[in-house]
Amino acid sequence: MGWLRAGSSVAKLAIRRTLSQGGSYAARSRIVPSQSRYFHTTVFKSKAQTAPVPRPVPLSKLTDSFLDGTSSVYLEELQRAWEADPDSVDESWDNFFRNFVGQAATSPGISGQTIQESMRLLLLVRAYQVNGHMKAKLDPLGLEEREIPDDLDPAFYGFTEADLDREFFLGVWRMAGFLSENRPVQTLRSILTRLEQAYCGSIGFEYMHIAERDKCNWLRDKIETPTPMQYNRQRREVILDRLIWSTQFENFLATKWTTAKRFGLEGGETLIPGMKEMFDRAADLGVESIVIGMPHRGRLNVLGNVVRKPLRQIFSEFSGGTRPVDEVGLYTGTGDVKYHLGTSYDRPTRGGKRIHLSLVANPSHLEAVDPVVVGKTRAKQYYSNDEDRTKNMAILIHGDGSFAGQGVVYETLHLSALPNYTTGGTIHIVVNNQVAFTTDPRAGRSSQYCTDVAKALNAPIFHVNGDDVEAVVHACELAAEWRQTFHSDVVVDLVCYRRFGHNEIDEPSFTQPKMYKIIRNHPSALQIYRNKLLESGQVTDDDIGNISQKV
């Protein structure tokens, strides 16, 4: 009789139907919405067609006890009759007994959604939230071989092709995104399509290790939108302009100073539009000053295009000078190389505000600058009375090898939430070229991702394909919003590649022949985005040509 106790609430409503006053029952089921719950009710028809239709009563409102000896005998009789012939009982009882034994109901639509199917569908959605990043298209080169978990396959939960066009209701109390109670009824096919778009596209989200429901719900609302995110033409032209600046800068240096060491950003050029959009969003959310720390990879591009160090000063340093003849150089006499230097600048944003940027000088020891940047940010917050820590922010750019391998990274991460050291959250951007210096990822760390150390802090991690500039921009904006909302660390893992050697004189094919055979024939991020915009029809060849000519 264990099923009797489990089904007591459902049985209450059916007992009331059976004991109603005389009349005939129409054997059809109707779904009545009531505060996003669904109750099955049978329409009562009197012989004179004058009796009112009874309203469905929520099961929680039925408080009288009916499980006395007589009722239990009646329920046992009903079950025996159903086992002999399911058509011999009312359809509501048929659905109840099918739910109990785990059979799929034959009636179409939600009326056929069993309890077991609802549970399996919830598990499928959760599987995408937890492991969807394992199926995401993150590697621009397509070299990474990852085993897709079985729990991302609908067949793992008993769903078949025949279920794809059935409608299901997903709704869980105090949950957001796909599982929120106000989502409409959808077919299994549309649910799976949107799950794939949200979790298995160019961004892989890792956040289910965070133990706080409010933070996870906030991310679900951002990720599991009813329709995919799209930028309008104006935003796309801004993104294109910034990507062209980034690409042309590296092309110019490669042509003008062919043999000079510059540790270029080729293969990861989308970092520049991503950072710019991050700063614009942060400024809109109240940030007034940003302190940046980074290694030498891409530093000249960041100096010239993000922090706006005068290009003629950078080019002068390539020619052997530390400063132009007609102006005083910021680092005159330091004797350091150009890709270790920093600068500061008040930069206008797309939203019409101004934000102060400070790029801290960094020695050859890749991550030595991390605690310096965080300390400088903390000092700025102290001297500007920024008690909420919303006006001054730190951004640290890392390499994939150093983020996983250098102790100073982990040490600095663990200072982030200490009352006497916190800065209200740091945004970490990992320029993950998948080779570090000359080491394949599987030989350089034990974890799946180089960013796994950040899980110790309950920081969300956004893995993004570096060839999809719009996805990079979206991930960077989301990181800025997270930092300003929850005042804690967040990581953007920019999965890209290194088109040339560690420095431009090295020959990388000696250590990674397979990778560099693919890289030689791989189009740049600018070529990929250009083709995408031309296919969409939002931008013409002339528009692209005008922007390139301006740059």
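In this chain, numbering begins with 1 at the start of the sequence shown.
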Main chain of [Y], side chain of [X]: is a donor-acceptor contact present, judged purely on distance under 3.5 Å?
X      : Y      : value
Asn301 : Leu265 : no
Arg483 : Gly424 : yes
Ser548 : Gly545 : no
Ser246 : Glu269 : yes
His356 : Asn392 : no
Arg281 : Ala480 : no
Glu237 : Gln234 : no
Asp388 : Thr390 : no
Thr412 : Asp370 : no
Glu387 : Asn385 : no

- Message: Can you tell me if Phe252 has over 12 outside heavy atoms packed within less than 6.0 Å of its CZ?
- Response: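 Result for CZ/Phe252: enclosed.
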
- For atom OH of Tyr231, is the number of surrounding heavy atoms from other residues, nucleotides or ligands below 6.0 Å larger than 12?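 Enclosed.
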
- Message: Show, in sequence, the C-alpha distance, side-chain angles and deciding distance for Arg499 and Tyr497, and conclude whether the side chain to side chain donor-acceptor pair (under 3.5 Å) test is met.
- Response: CA-CA 6 Å; Arg499 188 168 286 278; Tyr497 57 94; 2.8 Å; yes

For a quick check under 3.5 Å, do [X] and [Y] share a side-chain donor-acceptor pair by atom type?
X      : Y      : value
Asp468 : Ser202 : yes
Ser289 : Lys391 : no
Ser402 : Glu367 : yes

Ion pair present between [X] and [Y], side-chain N to carboxylate O less than 4.0 angstrom?
X      : Y      : answer
Asp241 : Lys550 : yes
Asp543 : Arg233 : yes
Asp280 : Arg347 : yes
Arg194 : Glu224 : no
Arg530 : Asp541 : yes

Locate the shortest heavy-atom distance separating [X] from [Y]; write the atom from each residue and the value.
X      : Y      : value
Lys276 : Asn305 : CE-O, 2.7 Å
Phe462 : Leu219 : CZ-CD2, 4.0 Å
Arg242 : Ile272 : O-CG2, 4.4 Å
Ala127 : Leu152 : O-CD2, 3.5 Å
Val435 : Asp400 : N-OD2, 3.6 Å
Phe205 : Leu478 : CE2-CD2, 3.8 Å

State the [atom1]-[atom2] distance between [X] and [Y], to the nearest 0.5 angstrom.
X      : Y      : atom1 : atom2 : result
Glu266 : Cys496 : CD    : SG    : 11.5 Å
Leu526 : Leu243 : CG    : CG    : 5.0 Å
Leu396 : Ile429 : CG    : CD1   : 9.5 Å
Leu457 : Ile210 : CG    : CD1   : 10.5 Å
Asp489 : Thr423 : CG    : OG1   : 7.0 Å
Leu494 : Asn465 : CG    : CG    : 9.0 Å

- Under the side chain to side chain donor-acceptor pair (under 3.5 Å) rule, what do Glu470 and Tyr529 come out as? Steps first, then yes or no, please. CA-CA 9 Å; Glu470 289 187 8; Tyr529 194 50; 2.9 Å; yes

- Please step through side chain to side chain contact (heavy atoms under 4.5 Å, CB included) for the pair Met393 and Gln381, ending with a clear verdict. CA-CA 9 Å; Met393 181 170 78; Gln381 292 170 347; over 6 Å; no

Flag the pair [X] / [Y] as yes when at least one side-chain heavy-atom distance between them is below 4.5 Å, and no otherwise.
X      : Y      : result
Arg350 : Val238 : yes
Val374 : Thr426 : yes
Leu359 : Arg299 : yes
Tyr207 : Ile461 : no
Cys450 : Val430 : yes
Cys200 : Tyr128 : yes
Val369 : Val360 : yes
Val307 : Ser344 : no

- Message: For a side chain to side chain contact (heavy atoms under 4.5 Å, CB included) check, start with the C-alpha distance between Val130 and Arg126, then their side-chain angles and the critical distance, and finish with the verdict.
- Response: CA-CA 6 Å; Val130 175; Arg126 179 176 173 80; 4.1 Å; yes

- Item | Partners passing ring pair (Phe, Tyr, Trp, His ring centres under 6.0 Å) against His398 (at least two apart in sequence or in another chain) |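 Applying ring pair (Phe, Tyr, Trp, His ring centres under 6.0 Å) to His398 gives Phe403, His428.
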
- Please lay out, stage by stage, how Leu285 and Glu481 fare under the test side chain to side chain contact (heavy atoms under 4.5 Å, CB included). CA-CA 8 Å; Leu285 296 172; Glu481 291 173 12; 3.9 Å; yes

- Under the side chain to side chain donor-acceptor pair (under 3.5 Å) test, residues paired with Arg235 that sit two or more places apart: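 For Arg235 the side chain to side chain donor-acceptor pair (under 3.5 Å) partners, ignoring immediate neighbours, are Glu277, Glu477.
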
- Could you please spell out the steps behind the side chain to side chain contact (heavy atoms under 4.5 Å, CB included) verdict for Phe486 and Glu212? CA-CA 11 Å; Phe486 297 107; Glu212 296 171 65; over 6 Å; no

- Message: Would you call the rings of His463 and His133 parallel, tilted or perpendicular, taking 30° and 60° as the class edges?
- Response: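 It falls in the tilted class, 30° to 60°.
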
- Query: Once the angle between the rings of Tyr410 and His414 is folded into 0 to 90°, is it parallel (under 30°), tilted (30 to 60°) or perpendicular (over 60°)?
  - Reply: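 It falls in the perpendicular class, over 60°.
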
- Message: Show, in sequence, the C-alpha distance, side-chain angles and deciding distance for Arg354 and Glu288, and conclude whether the salt bridge (charged side-chain N to carboxylate O under 4.0 Å, His left out) test is met.
- Response: CA-CA 7 Å; Arg354 296 191 76 82; Glu288 298 174 359; over 6 Å; no

- Write out all pairs satisfying salt bridge (Lys or Arg N to Asp or Glu O under 4.0 Å) with one or both partners inside residues 133-145, taking only residues at least two apart or from two chains.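 Salt bridge (Lys or Arg N to Asp or Glu O under 4.0 Å) check on residues 133-145 returns Lys135-Glu196, Glu144-Arg146.
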
